[in-house]
Amino acid sequence: MSHATVPGTDRVTGRARGWAGFLAIGFTAAAVYALTTAAWLSALSFSVIGVGAGLSIVYGVHRYRPSPRHPWWFLAAACFFFTTGALLRGWAQETGAASVIADCFTIPGYALMFIGLNGFLRSRTGVKRHAVIDGLIVGLGATLVFAILFAVPAASVVGRDGVVSALAGLYPLLDGVLVLLVLNLAFATARRGPSYYMLISCMSLMLVGDIAYAIIGTAGRLTGSPLLDLPFLLGFTLVGGAGLHPTMVDIGRDESLPVQAWSLRRLVLILPALVVPFVLAVAIGHPSTLERVLLAVGGAALVGLVLARAVSAVRGYAAAQEQYEYQATHDPLTGLPNRARWFAEVRTLLAQAGPDEQVWVFFLDLDGFKYVNDSRGHRAGDQVITEVAARLRQCAPASAAIARVGGDEFVVAYGAARHDAVRLADDILRTIRKTLKMPTVDVVISASIGIAHSTGPEHDVTAEDLLRDADTAMYQAKANGRDNWAMFDPVMRDRVQERIEIDLALREAMAAGCLHLEFQPVVELAGGRIVGAEALIRWTHPTRGVIGPDSFIPVAEESGLIIELGRWVMHEAMRQLAQWRAAGTVGEDFWMSINVSPRQLRDPRLAGELSAALRRHRLPAASVVVELTESVMIDPTSGADQALRSLRDLGLSLVVDDFGTGFSALGYLRTYPVTGVKIDKSFVVGLGHNPEDEAIVRAVVAMSSALQLSVVAEGVEDEHQRDLLARVGVRHGQGWLWGRAVDAETFAALWSPGAVQIAA
Ligand code: C2E
Ligand code: CA
Ligand code: CA
């Protein structure tokens, strides 16, 4: 028996074998007791076992610290009481004193033992009702048997003191209770170690001993051969061993077997108990009134218990079923219905919607939830989700069906007129926007909502269609700048479809090498000397021909493909620059501009990759310019500051592309480590006839010179624009006036030092 592996018994050492030692002592003492005729030796061996068992338990409790402890204290006390009772009984027998004095200890002994055993059961949270009723049935059956077979005859022995007879009749009844408790312990114990088996064996042995005494009791005798005491001695030995074994801590442990509704083992135990009244009724030839009453009451009680058991089983089954159904249809975090159940609810809404009503489906996605989850931890994320669910429930009418369909995605469906639906969407956005107070920090979150609705009085659209359309519209809401709602339009579906196709084709194009770069010169406005070039990506589609970046960069940005794509552009542009520098096509101070999209900037690997690429192509960082859009500097969740700083630390120049189109707040130019701006072509176009554009360009130049930022004007198409730009102080320009973006070969032919300049 390797009890060293029992959990919670690391303190077990060689001395933990004490239980085996005690068993050896006990069995020896029991043998001595059975064989000796000397009264003092009998008393001594009985005392050794009884007192030893009590002390063993006390020691075991100290050593293993079981929880709870009190049941063990009661068992130990019971041992002392039983021993005293037994010694007194022997003494009474010898001296002829009244044996009642022994009963004064034995009966409380039983009481202590019952309290102890019951204590083990109590410690189990929610002792299963089934187990208790099953135990009661068997216990009652046993009690009936003991009562009729032993208690009634013993109590009705004539010619002795009434008290003695009554007590003689009481013992068999106590055994009924003992059976009940032992069974309950057996039914409800999960971990069955040696200690458990010793305890159960002890109880069984006591039962055997009691029955032996009950049998002689029916003949009016109160004592018999010392062999009759043997079961008790062995029982005490075992209870002492149980207290000394390390697994004693498992007995009162708070865990119980999952009680099965009905098992064969149970039936085998319970069935005999149920037939007891009938067998007894037949077995007793001429039942006395007392016996008849006992049988009738006992039988009725058994029927009652079986009924209670059936009701309890059915109820337990119903409750389990209910809970199972709930779990299968609800989201555990928010308690909201799940997707499957929500669909069922939407179908009902569709079926019940009136002719001038529409069924509205909102698809709601939280903005920036991933950021909260990543930066504040999943616990905080869960809190946000629960709070949003609560706000939705509070905001939506009771008739609305709400569900959580993904990490931070919710759906709401309800039947209403259009203006009500729009108002609800606004209400939801407003409630979600309210600051979320969390234990450590406050979180501000928003949502984007896509809306779809059933059309026509027939509502012949499926719940699935509505959800899909609302989902599509949600993407539109996100694209429109988040924290708003968008109504589904079939055009959106086509756009989504097209995007999926583009994304797929683009992946193939990358693998097949159908992408290439074109280069557009950047020149000095005064004199037209070339100072750099911007790398612009081109995609040659096998059937559609050359596709411009405007129609696929946003798709790649959304799908994440831009990371890979951007990596390729970066390498290809640097490779080309290195080659031109080596060939003397461009000078040492010539720079290459590379466009970097917001998604790339959020990729923590970007700086490392750029630095590795510079080293690989042996390029000074000063020869590369990174072009960024303004939007990355406005979004506080983008972590742009850190990313820009690490690029700047590499020595790269950072230029704000399309400058002036994004946000009017120019303050960020001071806080972010950018080195220049590129005036958007929309301002250049207006130069000469739109005084506002000219004013803007002047302002940009003034500010840039104050902040020591470089300025390039893009989209310069004619000399007039060029001269105006030069006059207000812009130094560099880029545009069709000097040249369109062309492939590398053409670029070299046009722009190497010896080449004849065609343009300008
Ligand atoms: P952008 O960075 O603003 O690029 C300038 C765009 O203006 C280019 O269009 C260029 O061909 C066009 N352009 C140049 N000169 C003139 C002119 O005088 N007049 C007019 N009307 N247009 C002129 P393109 O090549 O179609 O690129 C469009 C956008 O695609 C770029 O705008 C840039 O945002 C993006 N893009 C291009 N290549 C890449 C790339 O490698 N990576 C990333 N992330 N984005 C890229
Ligand atoms: Ca650019
Ligand atoms: Ca631009």
Side-chain angles (χ1 to χ4, degrees), residues 502 506 509-510 515-523 525 528 532-540 545-577 591-603 606 609-610 613 624-632 647 653-662 674 676-687 700 710-722 725 730 732-744 746-747 759-760:
I502 289 180
L506 191 55
M510 266 178 80
L515 300 176
H516 75 275
L517 291 184
E518 285 191 351
F519 303 91
Q520 187 179 29
V522 180
V523 303
L525 290 183
E534 177 176 8
L536 294 160
I537 193 163
R538 298 290 178 261
W539 172 13
T540 317
V546 176
I547 304 179
D550 281 333
S551 53
F552 67 85
I553 291 288
V555 178
E557 168 87 4
E558 198 178 288
S559 74
L561 191 61
I562 192 73
I563 302 276
E564 237 176 294
L565 199 69
R567 202 176 284 143
W568 177 82
V569 170
M570 174 176 93
H571 273 290
E572 182 57 17
M574 287 199 202
R575 189 194 60 75
Q576 192 58 65
L577 176 60
W591 78 71
M592 179 71 81
S593 280
I594 299 174
N595 293 286
V596 167
S597 80
R599 179 87 171 240
Q600 282 175 276
L601 205 68
R602 278 202 297 272
D603 181 8
L606 181 67
E609 286 173 1
L610 274 167
V624 173
V625 176
V626 169
E627 292 193 8
L628 320 144
T629 51
E630 276 173 306
S631 62
V632 303
L647 297 190
S653 302
L654 305 180
V655 162
V656 183
D657 203 353
D658 303 339
F659 189 74
T661 54
V674 295
V677 298
K678 201 166 189 180
I679 299 176
D680 190 65
K681 48 182 170 283
S682 60
F683 302 110
V684 176
V685 160
L687 290 181
V700 170
S710 67
V711 182
V712 178
E714 71 178 350
V716 184
E717 294 182 0
D718 57 47
E719 283 145 13
H720 187 65
Q721 290 165 347
R722 178 195 62 190
L725 287 164
V730 176
H732 297 128
Q734 177 183 350
W736 295 346
L737 173 63
W738 298 282
R740 299 191 177 224
V742 289
D743 60 60
T746 315
F747 187 91

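Along the sequence shown, residues carry numbers from 1. Atoms within a ligand are numbered from 1 in the order they appear, just like the ligands themselves.
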Practice problem: Classify the contact between Asn595 and ligand 1 as side chain, backbone, both or neither, using a heavy-atom distance cut-off of under 4.0 Å. | Solution: both

Quiz item: Under 4.0 Å from atom 32 (O) of ligand 1, is there any protein heavy atom?
Solution: no

Quiz item: Quick one: are His720 and Leu687 in side-chain contact, heavy atoms under 4.5 Å?
Solution: no

Quiz item: Of the backbone atoms (N, CA, C, O) and the side-chain heavy atoms from C-beta on, which set of Lys681 has a member under 4.0 Å from an atom of ligand 1: side chain, backbone, both, or neither?
Solution: side chain

Quiz item: Is Arg538 salt-bridged to Glu518, cutoff N-O under 4.0 Å?
Solution: yes

Quiz prompt | Region of Glu714 engaging ligand 1 - heavy atom pairs below 4.0 Å | solution = side chain

Practice problem: May I ask you to say whether Arg567 pairs ionically with Glu564, meaning some side-chain N is under 4.0 Å from a carboxylate O? | Solution: no

Practice problem: Classify the contact between Arg538 and ligand 1 as side chain, backbone, both or neither, using a heavy-atom distance cut-off of under 4.0 Å. | Solution: side chain

Quiz item: Quick one: does Gln520's side chain have a donor or acceptor within less than 3.5 Å of a partner on Gly739's backbone?
Solution: yes

Quiz item: Under 4.0 Å from atom 9 (O) of ligand 1, do we find at least one protein heavy atom?
Solution: no

Exercise. With heavy atoms only and a cut-off of under 4.0 Å, state how Gln520 meets ligand 1: side chain, backbone, both or neither.
Key: side chain

Quiz item: Which heavy-atom pair separates Phe683 from Phe659 by the least distance, and what is that distance?
Solution: CE1-O, 3.3 Å

Quiz prompt | Nitrogen or oxygen of Asp658 less than 3.5 angstrom from that of ligand 1 | solution = yes

Quiz item: Applying a 4.0 Å heavy-atom criterion (strictly less than), which segment of Glu534 is in contact with ligand 1: side chain, backbone, both, or neither?
Solution: side chain

Quiz item: For Ile537 and ligand 1, does the shortest N/O to N/O distance drop below 3.5 Å?
Solution: yes

Quiz item: Looking at Gly735, which atoms of ligand 1 are within less than 4.0 Å of one of its heavy atoms?
Solution: 15 (N), 18 (O)

Quiz item: Can you tell me if Lys678 has a non-hydrogen atom under 4.0 Å from ligand 1?
Solution: no

Quiz item: How does Asp657 reach ligand 1, if at all, at less than 4.0 Å between non-hydrogen atoms: by side chain, backbone, both, or neither?
Solution: side chain

Quiz item: atom 13 (N) of ligand 1: which protein heavy atom is closest, and how many Å away?
Solution: Trp736 NE1, 3.9 Å

Quiz item: With atoms numbered from 1 as shown, which atoms in ligand 1 lie under 4.0 angstrom from a non-hydrogen atom of Asp550?
Solution: 28 (C), 29 (C), 30 (O)

Quiz item: List-wise, which protein N, O or S atoms are found short of 3.0 Å from the Ca ion (ligand 2)?
Solution: Glu534 OE2, Asn595 OD1, Glu627 OE1, Asp657 OD2

Practice problem: Give the numbers and elements of all ligand 1 atoms closer than 4.0 Å to a heavy atom of Val716. | Solution: 18 (O)

Self-check item: Minimum-distance protein heavy atom relative to atom 27 (O) of ligand 1
Solution: Pro549 CG, 3.3 Å

